[in-house]
Amino acid sequence: MRIDNHPQYLDLRNKYQVERYPSLGATLHDQGYHYVWLSALAENISEVGWAKYTRMMAVDELIRNREMDYVGPRYGWGPAPPDQWVLHWAHSTLKAKNDQPLLLFTITQNSHYPWTPHPSLVEDWRTLNQPGQEEAMVDPDTIDLETRRSNYWNAIQYQLRMLTQWILDVGDENSIFVLIGDHQPPAVSRRSDGWSTPVHVISKNQAFVDSLGEYGFVPTLTVSSLDPTLRHEGSYSLFMQALVREYGAADTALPAYLPDGIVPKETAATH
């Protein structure tokens, strides 16, 4: 479903506290996956708020900043630990205590505004969890546009290098990684840059990766066009069809792919 404003989302969140909200996470939960949400930023959501999120999304386990036992410097908006430490720690911790297939959802934090000061990649992620002096956050209003753009670019390069290394370190033959862009950063972007963001799907299963071509994916991590070819509201049905085709039982009928999602009846009636 297309959800394009926050009040609409909050209304859905309140509605689906008892009813099951259809989603990729809920469906994989029903298939035996251990579904984990991870939030690395310092707390800014109430206990009631967190409970509403996890009930709506059928989350089995919520891991919050305060449960990570991280004592090192934090960075940027949140603030939050280095993403390199968070992702490795989460994978190591979850795999050690549960042998179910894992669905992990998280938001990387270190590419978020204001992009400085910023963590550095290290050889051993464990060394990041050591007490240290936190650098003072620079007032973004005192930084010129070109410097802000440079800081943003450095943060994106960090994320791409960090995610590449993490995927190589923890991925196996059955792993699927989905990287979804959040939004254009208004502090350095222009309206002419548009609202599209990239989606990457990474797997060692070549047949699965090749099957995504029919939906419009291309075999590269380089974004060559900013013209949108997919819609977020089609992603649930897209992934369920692709997963069932490659991993489902032979006699399982493929679910429909709905590139525009489901149009609510009251909306459809007005057209």
Side-chain angles (χ1 to χ4, degrees), residues 6 9-10 13 17 23-25 29 33-98 100 102-140 151-152 154-156 158-163 165-167 169-170 177-183 185 187:
H6 198 55
Y9 174 75
L10 294 177
R13 191 187 67 171
Q17 291 301 294
S23 65
L24 181 64
H29 164 90
Y33 279 73
H34 184 62
Y35 183 17
V36 179
W37 262 27
L38 171 68
S39 174
L41 75 163
E43 294 298 306
N44 64 353
I45 299 176
S46 68
E47 298 296 323
V48 172
W50 277 124
K52 285 185 175 182
Y53 283 122
T54 55
R55 279 197 297 267
M56 175 187 180
M57 304 306 293
V59 173
D60 293 306
E61 181 177 357
L62 171 66
I63 299 177
R64 297 156 69 174
N65 181 293
R66 66 189 187 187
E67 296 159 4
M68 296 179 182
D69 295 325
Y70 177 79
V71 298
R74 290 170 166 79
Y75 299 87
W77 182 77
D83 289 325
Q84 181 185 17
W85 184 88
V86 170
L87 288 175
H88 279 88
W89 174 87
H91 183 269
S92 175
T93 300
L94 291 168
K95 285 297 186 181
K97 67 179 184 180
N98 197 317
Q100 290 176 260
L102 173 66
L103 173 61
L104 172 64
F105 171 83
T106 192
I107 298 174
T108 55
Q109 296 293 141
N110 302 150
S111 56
H112 201 287
Y113 181 84
W115 312 302
T116 186
H118 195 272
S120 299
L121 289 176
V122 297
E123 289 291 327
D124 183 354
W125 61 273
R126 299 170 187 83
T127 63
L128 292 167
N129 193 15
Q130 297 178 11
Q133 178 104 22
E134 292 188 2
E135 296 182 59
M137 190 180 300
V138 179
D139 181 356
N151 290 339
Y152 173 66
N154 290 338
I156 294 301
Y158 166 88
Q159 291 291 4
L160 293 175
R161 291 197 302 267
M162 180 275 298
L163 287 167
Q165 189 58 55
W166 181 66
I167 289 170
D169 288 344
V170 308
F177 301 89
V178 182
L179 313 179
I180 300 180
D182 184 11
H183 61 80

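The structure presented is a predicted model; accordingly, all values stated were derived computationally and were not measured.
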Measure the CD1-CG distance between Ile156 and Asn151 for me, rounded to the nearest 0.5 Å.
-> 12.0 Å
Contacts of type side-chain hydrogen bond (donor to acceptor under 3.5 Å, both in side chains), residue Asp60, not counting sequence neighbours | His29
Could you go through residues 48-59 and list every donor-acceptor pair under 3.5 Å that involves a side-chain atom there, pairing it with any protein atom two or more places apart or in another chain?
residue, atom, partner, partner atom, Å
Trp50, NE1, Glu43, OE1, 3.2
Lys52, NZ, Asn14, OD1, 3.2
Thr54, OG1, Trp50, O, 3.2
Thr54, OG1, Ala51, O, 3.1
Arg55, NE, Gln17, OE1, 2.7
Arg55, NH2, Gln17, OE1, 2.9

Those residues at least two apart in sequence (or on a different chain) that pass side chain to side chain contact (heavy atoms under 4.5 Å, CB included) with Ala187 are Tyr113, Trp115, Arg148
Partner set under ring-ring contact (aromatic ring centres under 6.0 Å, His included) for His118, not counting sequence neighbours | Tyr158
The residue among Val122, Thr127, Leu128 that forms side chain to side chain contact (heavy atoms under 4.5 Å, CB included) with Trp85 is Leu128
Any salt bridge (Lys or Arg N to Asp or Glu O under 4.0 Å) involving residues 79-97? Give me the pairs, sequence neighbours left out, ordered by first then second residue.
-> Glu61-Lys97
Looking at side-chain heavy atoms only, is the closest gap between Pro82 and Asn110 below 4.5 Å?
-> yes
Nearest non-hydrogen partners of Gln133 and Pro73, listed with the distance | O-CG, 4.2 Å
Parallel, tilted or perpendicular for Tyr35 and Trp37, by the 30°/60° rule?
-> perpendicular
Listed partners of Glu123 passing side chain to side chain contact (heavy atoms under 4.5 Å, CB included), at least two apart = none
Listed partners of Asp182 passing salt bridge (charged side-chain N to carboxylate O under 4.0 Å, His left out), at least two apart | none
Out of curiosity, Gln84 CD to Asp124 CG, how far, rounded to the nearest 0.5 Å?
-> 8.5 Å
Taking all non-hydrogen atoms of both residues, which atom of Ile45 and which atom of Arg64 are closest, and how far apart?
-> O-NH2, 4.4 Å
Is a side-chain donor or acceptor of Glu135 paired with a backbone partner of Pro117 at a separation under 3.5 angstrom?
-> no
Are any non-hydrogen side-chain atoms of Leu104 and Leu94 less than 4.5 angstrom apart?
-> yes
With sequence neighbours left out, the residues meeting side chain to side chain contact (heavy atoms under 4.5 Å, CB included) with His183 are Pro186
With sequence neighbours left out, write down each residue that passes side-chain hydrogen bond (donor to acceptor under 3.5 Å, both in side chains) with Trp125, or none if nothing qualifies.
-> none
Shortest non-hydrogen pair, Asp69 vs Asn129, comes out as O-ND2, 3.2 Å
Nearest heavy-atom approach of Val86 to Pro81 is CG2-CB, 3.9 Å
Check whether any side-chain N or O of Gln165 sits under 3.5 Å from a backbone N or O of Met162 as a donor-acceptor pair, and report yes or no.
-> no
Who pairs with Tyr75 by side-chain hydrogen bond (donor to acceptor under 3.5 Å, both in side chains), at least two apart in sequence or on another chain?
-> none
Strictly under 6.0 Å, is that where the ring centroids of Trp166 and Phe177 end up?
-> yes
Taking only residues two or more places apart in sequence, or in another chain, which ones meet His112 in a side-chain hydrogen bond (donor to acceptor under 3.5 Å, both in side chains)?
-> none
Roughly how far apart are Leu38 CG and Leu62 CG, rounded to 0.5 Å?
-> 8.5 Å
To the nearest 0.5 Å, how far apart are OG1 in Thr93 and NE2 in His88?
-> 12.0 Å
Quick one: side chain to side chain contact (heavy atoms under 4.5 Å, CB included) partners of Leu41, sequence neighbours excluded?
-> Ser39, Asn44, Trp77, Gln109
Value rounded to 0.5 Å, distance of OG in Ser111 from CG in Asn154 = 12.5 Å
